Every structure is written in structure tokens, then in C-alpha cells.
Amino acid sequence: MEINENAALVVVDVQKGFELDFWGRRNNPEAEGNIAALIDVWQETGRPVVFVRHDSVQEGSPLEPGTEGNAFKDFVEERRGKGAGPELLVTKSVNSAFYGEPDLDAWLKGAGVGQIVIVGIQTNMCNETTARMGGNLGYEVLFPLDAMHTFDLEGPFGWVQTAEELTRATAVSLHGGRFARVVATEDVVQGAVSAG
């Protein structure tokens with residue numbers, strides 16, 4: 001897999017608030033380890049890393065600013081600022097990292113970035129929305145499905161989808177719809193190391 005020398009890793013909403021029972025059952029216990037591995041490779045090879053934080057405007061949200069849940073998980077926070085390449089913090093209150101502050105699209109285009117790798121929480125929410133927008137904006141989007149997780153969810157008509165079902169639906173929609181290329185962390189790491 002070809003990983004560009006300046007491909008940006010976009011780490012979405014890896015925050016302590018997602019550790020709470022509020023969200024229900026999650027999938028993919030390997031997500032954090034894979035996210036950490038990708039951050040490490042990006043930082044070691046001097047590629048740009050974008051850390052995205054959701055600052056919820058809903059009162060009582062586990063991700064509300066000023067609460068412990070708003071903070072990045074420890075393994076992310078301890079890596080911030082440690083890379084050899086450029087780093088950006090984006091804060092947002094909606095699903096897409098492209099609707100945050102500062103302007104992610106402008107920062108990426110200003111750096112000549114054409115390829116982005118999206119990881120984090122949640123697979124079918126902010127990750128998927130960011131991937132769809134990234135594809136629409138002309139980026140080559142890589143979506144390592146094992147470097148993210150989501151939660152079981154209830155929708156309309158009493159329909160319930162498990163985290164695994166939602167993950168599969170997201171993967172098929174993004175990949176089949178050509179918004180993004182759904183890949184595995186191991187392949188991205190190997191591509192980044194061999195190119196870096």
C-alpha cells in the first residue's frame with residue numbers, strides 16, 4: 001500500500017468520555033492499540049498528525065468541555081507534541097472534523113496534503129462523516145477499520161444494530177461508494193514504514 005510522504009493521520013475524538021457506560025456495548029477492543037501504533041509510525045516518520053476533539057454543546061454530555069470526559073485518552077495525550085512532523089489540534093461540536101477550528105481543509109491544502117488516514121471514535125459517526133467529506137473534498141481517504149470502534153445503537157421503528165453490524169455497514173458504504181478505501185492497520189503501517 002502506498003502511503004504518501006506527507007499523508008496526514010487524522011485521530012478523531014479519542015476521548016475519555018467514550019469510556020463511560022453511557023454509550024453501551026462497544027466493539028473492537030484492539031482499536032486503541034492500533035491507533036497508538038499508527039500515531040507512533042506517523043510521528044517517527046515526520047508525517048503530519050491531526051488530533052480532533054469533540055467539544056459537545058449538549059449539556060450533560062460525556063464530552064462536554066470542562067469535564068474529564070472531554071480530555072483525550074491518556075495514550076493519545078502523552079503522544080501529543082512528540083512527533084517530528086507538523087501537528088494540529090482541531091476542536092469541533094459536530095460530526096465532521098472538516099467543520100471545526102481551525103479549518104482542517106485549509107491546513108491540509110496549505111501543506112499540500114492529498115492523502116488522509118482516519119482513525120478514532122466512532123466508526124459510523126464522526127469517522128464516517130469525516131471520511132465522506134474528505135472524499136467529497138478530493139482527498140484520497142484511507143479508513144483502517146481496525147483502528148476505530150463504535151457502539152450498539154437503536155434507531156427508528158425499534159431497529160437495533162450491533163456495533164459490528166454498524167461497522168460493516170460503514171465499511172461497505174464508504175468503500176463501495178468510493179468515499180474511502182477501507183484497509184487494515186497493518187497494511188497502513190507497512191506502507192508508511194517502507195515509504196518513510
Side-chain angles (χ1 to χ4, degrees), residues 8-36 38-39 49-81 87-107 116-134 136-137 141 143-171 173-174 179-180:
L9 181 66
V10 182
V11 183
V12 179
D13 302 351
V14 185
Q15 293 165 255
K16 293 182 177 180
F18 282 118
E19 295 171 345
L20 305 177
D21 291 340
F22 174 90
W23 304 97
R25 192 191 72 89
R26 66 169 272 187
N27 69 333
N28 191 19
E30 285 78 45
E32 284 82 357
N34 288 328
I35 294 166
L38 286 163
I39 295 172
V49 180
V50 179
F51 294 99
V52 182
R53 188 183 73 220
H54 193 88
D55 291 348
S56 179
V57 294
Q58 295 183 342
E59 194 173 333
S61 165
L63 305 176
E64 191 175 356
T67 67
E68 186 179 351
N70 181 255
F72 288 119
K73 293 190 182 192
D74 291 342
F75 80 93
V76 169
E77 186 58 43
E78 64 198 20
R79 284 171 168 81
R80 290 183 59 216
E87 184 179 302
L88 181 69
L89 170 65
V90 172
T91 58
K92 65 180 180 60
S93 59
V94 293
N95 302 105
S96 175
F98 287 102
Y99 283 131
E101 293 292 331
D103 186 318
L104 176 58
D105 184 45
W107 188 81
I116 60 174
V117 179
I118 295 172
V119 302
I121 310 169
Q122 300 180 47
T123 308
N124 58 313
M125 298 288 185
C126 296
N127 292 6
E128 181 175 350
T129 306
T130 300
R132 286 176 179 270
M133 279 200 67
N136 284 170
L137 289 167
V141 181
F143 202 78
L145 203 61
D146 54 352
M148 55 188 74
H149 74 81
T150 192
F151 303 89
D152 296 352
L153 190 63
E154 183 175 347
F157 315 119
W159 294 348
V160 177
Q161 295 280 287
T162 66
E164 291 79 10
E165 290 168 334
L166 291 166
T167 294
R168 191 168 179 169
T170 290
S173 293
L174 290 179
F179 292 99

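Values reported hereafter were calculated over all heavy atoms of this structure, with side chains retained and with hydrogens, waters and symmetry mates removed. As the structure is a computational prediction, the values presented were derived from the model and not from experiment. For this chain, numbers begin at 1 and follow the sequence in order.
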Undergrad: When rounded to the nearest 0.5 angstrom, what is the spacing between NZ in K73 and CG in D13?
TA: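 Result: 11.0 Å between the selected atoms.
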Undergrad: What distance separates E165 CD from T150 OG1, expressed to the nearest 0.5 Å?
TA: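 Result: 12.0 Å between the selected atoms.
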Undergrad: Between N27 and T167, does any side-chain donor sit less than 3.5 Å from a side-chain acceptor?
TA: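 Yes, side-chain donor-acceptor contact under 3.5 Å.
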Undergrad: Rounded to the nearest 0.5 Å, how far apart are NZ of K92 and OH of Y99?
TA: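 Spacing of NZ (K92) from OH (Y99) equals 13.5 Å.
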Undergrad: Can you see which heavy atom on L174 is nearest to which on A131, and at what distance?
TA: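 Scanning both residues completely, I find the closest heavy atoms to be CD1-CB, 4.0 Å.
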Undergrad: V90 vs W107, test: side chain to side chain contact (heavy atoms under 4.5 Å, CB included). Steps then yes/no.
TA: CA-CA 10 Å; V90 172; W107 188 81; over 6 Å; no
Undergrad: Show the nearest heavy-atom pair for residues P144 and V119, with the distance to one decimal.
TA: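 In terms of heavy atoms, the two residues are closest at CG-CG1, 3.9 Å.
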Undergrad: To check you understand the geometry: which heavy-atom pair defines the closest contact between Q15 and N70, and what is its length?
TA: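 Scanning both residues, the minimum pair turns out to be NE2-O, 3.0 Å.
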Undergrad: Would a distance-only check, ignoring hydrogens and angles, find a side-chain to backbone donor-acceptor pair under 3.5 Å from R26 to N28?
TA: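 Yes; judged by distance alone, with no hydrogens or angles, the pair exists.
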Undergrad: I need the minimum non-hydrogen distance between G17 and L63, along with the two atoms involved.
TA: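 Here G17 and L63 meet closest at CA-CD2, 3.9 Å.
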Undergrad: Output, in order, the C-alpha distance, side-chain angles, deciding distance and verdict of side chain to side chain contact (heavy atoms under 4.5 Å, CB included) for L88 and L104.
TA: CA-CA 9 Å; L88 181 69; L104 176 58; 4.2 Å; yes
Undergrad: Restricting to pairs with a member in residues 94-105, which pass salt bridge (charged side-chain N to carboxylate O under 4.0 Å, His left out), not counting sequence neighbours?
TA: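 Applying salt bridge (charged side-chain N to carboxylate O under 4.0 Å, His left out) to every pair that reaches into residues 94-105, excluding sequence neighbours, yields D105-K109.
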Undergrad: How long is the span from the CG atom in N136 to the CZ atom in F98, to the nearest 0.5 Å?
TA: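 The distance works out to 10.0 Å.
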Undergrad: Surrounding CD of E68 (heavy atoms of other residues, nucleotides or ligands, distance under 6.0 Å), is the total greater than 12?
TA: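 No.
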Undergrad: Does the side chain of N124 reach to within under 4.5 Å of the side chain of L153, using non-hydrogen atoms?
TA: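 N124 reaches L153 side chain to side chain.
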Undergrad: Quick one: ring-ring contact (aromatic ring centres under 6.0 Å, His included) partners of F51, sequence neighbours excluded?
TA: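 With neighbours one apart ignored, the set is empty.
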Undergrad: Measure the spacing between CG of N127 and CZ of F143 and express it to the nearest 0.5 Å.
TA: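 If I round to the nearest 0.5 Å, the distance is 5.0 Å.
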Undergrad: Is there a side-chain contact between D74 and K16, using heavy atoms and a 4.5 Å cut-off?
TA: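 Answer yes - side chains close enough.
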Undergrad: Donor-acceptor check, side chain of T123 to backbone of H149, threshold 3.5 angstrom: yes or no?
TA: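 A pair under 3.5 Å: yes.
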Undergrad: Which heavy atom of C126 sits nearest to which heavy atom of I121, and what is that distance?
TA: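 Closest approach of C126 to I121, heavy atoms only: CB-O, 4.2 Å.
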Undergrad: Go through L89 and F72 one step at a time and tell me if the side chain to side chain contact (heavy atoms under 4.5 Å, CB included) criterion holds.
TA: CA-CA 11 Å; L89 170 65; F72 288 119; 3.8 Å; yes
Undergrad: For F151 and F18, take the angle between the two ring planes, folded into 0 to 90°, and tell me which bin it lands in: parallel under 30, tilted 30 to 60, perpendicular over 60.
TA: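 The rings of F151 and F18 lie parallel, inter-plane angle below 30°.
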Undergrad: Examine distances only and state if a side-chain atom of E87 and a backbone atom of G81 form a donor-acceptor pair shorter than 3.5 Å.
TA: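 The answer is yes, because a donor-acceptor pair under 3.5 Å joins these two groups.
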Undergrad: Determine whether V11 and I35 make a side-chain contact, defined as any pair of heavy atoms from C-beta on separated by less than 4.5 Å.
TA: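 Touching, per the 4.5 Å side-chain cut-off.
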Undergrad: Quick one: salt bridge (charged side-chain N to carboxylate O under 4.0 Å, His left out) pairs with a partner in residues 145-162, sequence neighbours left out?
TA: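 Listed once each, the pairs are R25-D152.
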Undergrad: State whether the number of non-hydrogen atoms from other residues, nucleotides or ligands found under 6.0 Å of R168 atom CZ is greater than 12.
TA: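 Counting neighbours around CZ of R168, 12 or fewer heavy atoms of other residues, nucleotides or ligands fall under 6.0 Å, so no.
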Undergrad: Is a salt bridge present between E77 and R80, judged by a nitrogen-to-oxygen distance below 4.0 Å?
TA: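 Between R80 and E77 there is a salt bridge, with a charged N closer than 4.0 Å to a carboxylate O.
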Undergrad: State, to 0.1 Å, how close D55 and P65 come at their nearest heavy-atom pair, and which atoms those are.
TA: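 Closest heavy-atom pair between D55 and P65: CB-CG, 3.6 Å.
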Undergrad: Can you tell me how far the CD1 atom of I118 sits from the CG atom of L38, to the nearest 0.5 Å?
TA: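 Rounded to the nearest 0.5 Å, the CD1-CG separation comes to 12.5 Å.
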Undergrad: Salt-bridge test for R132 and E128: reply yes if a basic N is under 4.0 Å from a carboxylate O, no otherwise.
TA: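 Counted as a salt bridge, because a side-chain N and a carboxylate O are separated by less than 4.0 Å.
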